[in-house]
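For reference, the structure is listed below as structure tokens.
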Amino acid sequence: MRSWSKPREQGLGLIGLLFILLLMAGVGLLTMRIVPSVTEYYTIKKAIVVAKDMGTTPNEIRSSFDKQAQVDYIEAIQGKDLLIARSEQGLEVGFSYEKRIRLVGPASLVIDYRGATLPLVWE
């Protein structure tokens, strides 16, 4: 006598689908909040290179960065926040700042940004 067993169903259940969709929505929202901050960071890195090339003194570099910041909508730092040091190649420009991104309720994400025209100067 043969016993017929019900074939076991395979696949994704409704609760599994909802969990995956909720997880994807959370990752998407987090990404949407982080991308503008990362974009601004790369804009600042480009702006300090331009400011370094345009100025020969620390004040000229800061002024040039402020002008570049107005054009590129940089709000995280200003020219006065730049770190300027002398090296064998001339003046090197660096920056360091912290960006706080509110998530939900009291929770927030803090990202420390740091960059320089010559990274070895600031390490």
Sidechain-backbone polar pair: [X] side chain, [Y] backbone, donor-acceptor under 3.5 Å:
| X | Y | answer |
| --- | --- | --- |
| Thr39 | Val35 | yes |
| Thr31 | Val27 | yes |
| Asp72 | Ala69 | no |
| Glu40 | Pro36 | no |
| Arg33 | Arg102 | yes |

Quick check: do Lys52 and Glu92 have side-chain heavy atoms less than 4.5 Å from each other?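 A side-chain contact exists here, since the closest heavy-atom pair is under 4.5 Å.
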Are Val93 and Phe65 side-chain neighbours, meaning at least one heavy-atom pair lies under 4.5 Å?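 They are not in contact (no side-chain heavy atoms under 4.5 Å apart), so the answer is no.
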Under a single-linkage definition using a 4.5 Å side-chain heavy-atom cutoff for Ile, Leu, Val, Met, Phe, Trp and Tyr, are [X] and [Y] assigned to the same hydrophobic cluster?
| X | Y | result |
| --- | --- | --- |
| Leu22 | Leu29 | no |
| Ile101 | Tyr42 | yes |
| Ile48 | Val50 | no |
| Tyr97 | Ile111 | yes |
| Ile34 | Ile44 | yes |

What distance do [X] atom [atom1] and [Y] atom [atom2] have between them, rounded to the nearest 0.5 Å?
| X | Y | atom1 | atom2 | value |
| --- | --- | --- | --- | --- |
| Glu75 | Lys99 | CD | NZ | 7.5 Å |
| Thr117 | Lys45 | OG1 | NZ | 10.5 Å |
| Tyr41 | Lys46 | OH | NZ | 12.5 Å |
| Ile84 | Ile61 | CD1 | CD1 | 4.5 Å |
| Ile74 | Phe95 | CD1 | CZ | 9.0 Å |

Heavy-atom pair with the smallest gap, counting every atom of Ser64 and Ala51: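 Heavy-atom minimum between the residues: OG-CA, 3.5 Å.
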Closest contact, heavy atoms only, Arg86 versus Leu91: NH1-CD2, 3.4 Å
In terms of side-chain heavy atoms, does Ser37 have a donor or acceptor partner in Tyr113 at a distance below 3.5 Å?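 There is such a pair (donor and acceptor under 3.5 Å, judged by atom type) between the side chains of Ser37 and Tyr113.
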With a 4.0 Å cut-off on N to O distance, would you call Glu98 and Arg100 a salt bridge?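 Between Arg100 and Glu98 there is a salt bridge, with a charged N closer than 4.0 Å to a carboxylate O.
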Atom CG of Leu18 with >12 non-hydrogen neighbours under 6.0 angstrom: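 Atom CG in Leu18 is crowded, with more than 12 foreign heavy atoms closer than 6.0 Å.
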